[in-house]
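Have a look at the structure below before the remarks.
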Amino acid sequence: MCGIVGIVGNAPVNQRLYDALTVLQHRGQDAAGIATSNGGELCTRKGSGLVRDVFQQHHMLELLGNVGIGHVRYPTAGCDGISEAQPFYVNAPYGIVLAHNGNLTNARELAEVLEREDRRHLNTSSDSEVLLNVFASELQRVGTPRVTPADVFAALTAVYRRCRGGYAVVAMVIGHGVLGFRDPNGIRPLCLGRRDTSKGPEWMLASESVALTALSFKFVRDIGPGEAVFIDEQGRLHSQQLVASVRHTPCIFEYVYFARPDSIIDNISVYRARMRMGDKLAEKILRERPNHDIDVVIPIPDTSRTSALQLAQRLGLKYREGFIKNRYIGRTFIMPGQQMREKSVRRKLNAIDLEFRGKNVLLVDDSIVRGTTSAQIIDLAREAGAKKVYFASAAPPVRFPNVYGIDMPAASELVAAGRTVEEVCEFIGADWLVYQDLEDMVAACRHDDAQVTEFDTSCFSGEYVTGDVTPEYLERLQLERSDEARSRRREGRLKVVGQS
């Protein structure tokens, strides 16, 4: 999962791109990058780490221009080194930089065609570089000194024809403008904002609406599935629906975990969706355990707070903050390597003994992925003196890999894959465990005004909405995404560094 932003302004955009990326920092803490255009000159800075670490004052002063894009990344399979930090750049045609959130399911096949037929060189294993080169190859066919919106849309029509998977993209054609587009299923989010100034309108594209409001841009709308927009350097907005037949299925995990609660995605409030998840989970507990002996409900910060508070209110129980979070440790779900994740949990959370001692506590989390984090948190609760520890997940069991841009681990590393609820409960060490039902989670995210009737629920249901995910593809993903495979890649890079 990544965060992307693009701005066409009437004044320098470097600080605003930086600010937007800090707002989107929750979507990735592994690397960050900004590219701006100043009179046809490309200015870039990218590196590993948080936004505040990658960009120092002298870097910001060098990011000149009123047009630019930015990206924050967390490491996905095969893309966890500095060379894969985005935005990516190609100098022909015209000079293009691109930032991408998502995953192409046919990236390997596309890479082979690009090298064999399009005669384009790929420098990394990133599917974002593949996507950039597909677009560049198609735009190359224009062959004129200046690019028109019609040229951009024609090239993107071919991109849609060639690329499969889930993706939201911002790109900058240097000296021409910024474009944004979204996959035909609208799996990954992208929205448009506007700010009116004395010099004319300014435009902004971002992964989440909260980035727009934080920079005083007015939310205009979400980019539709299969739609592209192009904003030229004069601030004129052009848009076109490039895929006629779309099936709008936004990723439900955005509402469960990734998005900030103050964001609205596809006209659905993330905060309200999580509240309804808490309601549904409370109803299930009342059905299955009407005589429960829960004394207090405690969230596992931060994402589960909204659901946990609503659950406590519906059950008529006390809600307490039992864990204090170290704000300077990243999100453990998106950390590379099991050993690093395990160390981070103990450094990240500390239990308040008074809220646990002698009590039967219900811990609420947004989801359970590998289960090792949940097990350690339950241990923390018991060490703090809890008499019994129950566990509730606001999401159903995660049994399948996500192939559309969330780097969920190989199926063999998902605790619920091949296990019953009782077996997962035993693995994490809870006294009992309750999962949200899939139908209830979908109902919690639905909203009449949103006109979204279905979601991508593949990591829970195993149903992949693009229809091109085969057992062979998942097997290959298993080999690429396992912690063992990541470890081998890191060791290989260390050896190369040591030899140089």
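By the 6.0 Å contact criterion, CZ on R382 is enclosed, its count of non-hydrogen atoms from other residues, nucleotides or ligands being greater than 12. Atom CD of Q241 sits in a crowded spot, with more than 12 heavy atoms from other residues, nucleotides or ligands closer than 6.0 Å. The number of heavy-atom neighbours closer than 6.0 Å to CD of Q451, taken from other residues, nucleotides and ligands shown, is 12 or below.
One finds no salt bridge joining E472 and R476 here, because no Lys/Arg side-chain nitrogen approaches an Asp/Glu carboxylate oxygen to under 4.0 Å. With salt bridges taken as basic N to acidic carboxylate O contacts below 4.0 Å, one links D437 and R287. Remark: R446 does not engage E454 in a salt bridge, criterion side-chain N to carboxylate O under 4.0 Å. Electrostatic pairing of R314 and D279 counts as a salt bridge here, judged by a charged N lying under 4.0 Å from a carboxylate O. Salt bridge annotation for R320-D295: absent, with no cationic side-chain nitrogen under 4.0 angstrom from a carboxylate oxygen. By the 4.0 Å N-to-carboxylate-O rule, R419 lies too far from E426 to be salt-bridged with it. In summary, K218 and E202 do not engage in a salt bridge, as defined by a charged side-chain N under 4.0 Å from a carboxylate O.
For the pair D183 (side chain) and G166 (backbone), a donor-acceptor distance under 3.5 Å is absent. With Q29 contributing its side chain and A31 its backbone, the two residues share no donor-acceptor pair below 3.5 Å. Under a 3.5 Å cut-off, the side chain of Q25 and the backbone N or O of G28 do form a donor-acceptor pair. Within the 3.5 Å criterion, the main-chain N or O of S304 finds no donor-acceptor partner in the side chain of S307. Counting only distance, with no hydrogens or angles, the side chain of K284 and the backbone of Y435 share a donor-acceptor pair below 3.5 Å. Under a 3.5 Å cut-off, the side chain of R27 and the backbone N or O of R260 do not form any donor-acceptor pair. With E423 contributing its side chain and T420 its backbone, the two residues share a donor-acceptor pair below 3.5 Å. The backbone N or O of A259 sits nowhere less than 3.5 Å from a side-chain atom of S263 that would complete a donor-acceptor pair. No donor-acceptor pair under 3.5 Å is formed between the side chain of D366 and the backbone N or O of Y257. Of the possible polar contacts, none joining the D222 side chain to the C191 backbone as a donor-acceptor pair under 3.5 Å is found.
Side chains of S126 and E84: no donor on one and acceptor on the other come within 3.5 Å. For the residue pair E463 / S458, no side-chain donor-acceptor distance below 3.5 Å is found, with atom types taken as modelled. For the residue pair T466 and Y404, a side-chain donor N or O sits within less than 3.5 Å of a side-chain acceptor on the partner. A side-chain N or O of Q478 and one of S412 form a donor-acceptor pair less than 3.5 Å apart. Inspection of the D365 and S393 side chains reveals no N or O donor paired with an N or O acceptor under 3.5 Å. For the 3.5 Å distance criterion, the side chains of Y390 and D293 qualify, holding a donor opposite an acceptor.
In terms of heavy-atom proximity, A20 sits nearest to V5 at CB-CG2, 3.8 Å. Nearest approach of A417 to A411, heavy atoms of both residues: CB-O, 3.3 Å. Contact between Y18 and I34 at its shortest, heavy atoms only, is N-CD1, 3.9 Å.
Within the 4.5 Å cutoff, the side chain of F258 has no heavy atoms near those of the T303 side chain. Here the side chains of M441 and F455 are not in contact, with every heavy-atom distance at 4.5 Å or above. Side-chain contact between V434 and E288 is present, with at least one heavy-atom pair separated by less than 4.5 Å. Using a 4.5 Å heavy-atom threshold, the side chains of P299 and T306 count as separate. Taking 4.5 Å as the limit, some side-chain heavy atom of P189 sits within range of a side-chain heavy atom of N101. You'll find the side chain of I7 reaches within 4.5 Å of the side chain of L17, heavy atoms only. Looking at F460 and R399, their side chains never come closer than 4.5 Å, going by heavy atoms from C-beta outward. Inter-residue side-chain proximity for F55 and L63 is flagged as met; some heavy-atom pair is nearer than 4.5 Å.
S239 pairs with exactly one of I231, L192, V229 by the side chain to side chain contact (heavy atoms under 4.5 Å, CB included) rule, that one being V229. For the side chain to side chain contact (heavy atoms under 4.5 Å, CB included) criterion with L362, the lone passing option out of V296, I298, I285 is I285. Between D302 and the choices K325, R274, K348, the salt bridge (charged side-chain N to carboxylate O under 4.0 Å, His left out) rule is met once, by K325.
Stacking of R194 on the aromatic ring of F217 is not recorded, the 6.0 Å distance cut-off and the 45° axial limit not both being met. A cation-pi arrangement, defined by a distance under 6.0 Å to the six-membered ring centre and an angle within 45 degrees of its axis, is present between K46 and F88.
In this structure, the separation between CZ on F400 and OG on S461 is 7.0 Å, given to the nearest 0.5 Å. Annotation: the span from I428 atom CD1 to F391 atom CZ amounts to 5.0 Å, rounded to 0.5 Å. How far CZ of F219 is from CD1 of I264: 7.0 Å, rounded to the nearest 0.5 Å. Once rounded to the nearest 0.5 Å, the distance linking OH of Y255 with CE of M277 reads 9.5 Å.
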